[in-house]
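Just so you know, these numbers come straight off a predicted model, no measurement behind them.
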Amino acid sequence: MIQQPLNCEEVARLGKKLYAEKIEASLAESQQGKIVAIDVTTEKYALADTPAEATARLGSDIDRTQVYLVRVGSPTFFRHGFIRGNRNP
């Protein structure tokens, strides 16, 4: 269990490692697209439809700055894009 505050890069590194090594294999294909919130200090995780819900399921006593979020079945958490079409000035 980690005791000291971590910077963003370290939270991301630990979160990716925990997800790949301890969590990903246990998730069913039916959970594709769901959000996993991982508390990197305790290694607890929660699964939900939204980031807020997944984080809330971890409990109220966690340090929210030590939580890593990942979308099941996706290499990225957010999707960016645009819609083609006519723009009205």
**Item:** Test applied, side-chain contact (heavy atoms from CB on, under 4.5 Å); reference residue, Ile38; option that passes from Ile23, Val67, Leu58
**Value:**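 Option passing the side-chain contact (heavy atoms from CB on, under 4.5 Å) with Ile38: Ile23.
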**Asked** Name the one of Val36, Leu14, Leu69 that satisfies side-chain contact (heavy atoms from CB on, under 4.5 Å) with Tyr19?
**Response**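 Passing option: Val36.
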**Request:** List the steps, then state whether side chain to side chain contact (heavy atoms under 4.5 Å, CB included) holds for Lys34 with Arg71.
**Result:** CA-CA 6 Å; Lys34 298 227 183 235; Arg71 184 179 307 276; over 6 Å; no
Would you compute the distance between atom [atom1] of [X] and atom [atom2] of [Y] and round it to the nearest 0.5 angstrom?
X     : Y     : atom1 : atom2 : value
Tyr68 : Leu18 : OH    : CG    : 10.5 Å
Asp49 : Ile35 : CG    : CD1   : 8.5 Å
Glu24 : Lys16 : CD    : NZ    : 13.0 Å

**Message:** For a quick test of reading the model, state the closest non-hydrogen atom pair linking Leu27 to Gln31 and the distance between them.
**Reply:**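 Where Leu27 meets Gln31 most closely, the heavy atoms are CA-OE1, 3.2 Å.
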**Asked** Closest heavy-atom contact between Ala46 and Ala54?
**Response**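 Closest approach of Ala46 to Ala54: CB-O, 3.4 Å.
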**Prompt:** Counting distance only, does the side-chain N/O of Gln66 pair as donor-acceptor with the main-chain N or O of Leu6 below 3.5 Å?
**Reply:**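 Yes; at least one donor-acceptor contact below 3.5 Å.
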**Message:** I'd like to know if Arg57 and Glu53 make a salt bridge, using a cut-off of under 4.0 Å between side-chain N and carboxylate O.
**Reply:**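 Salt bridge: yes.
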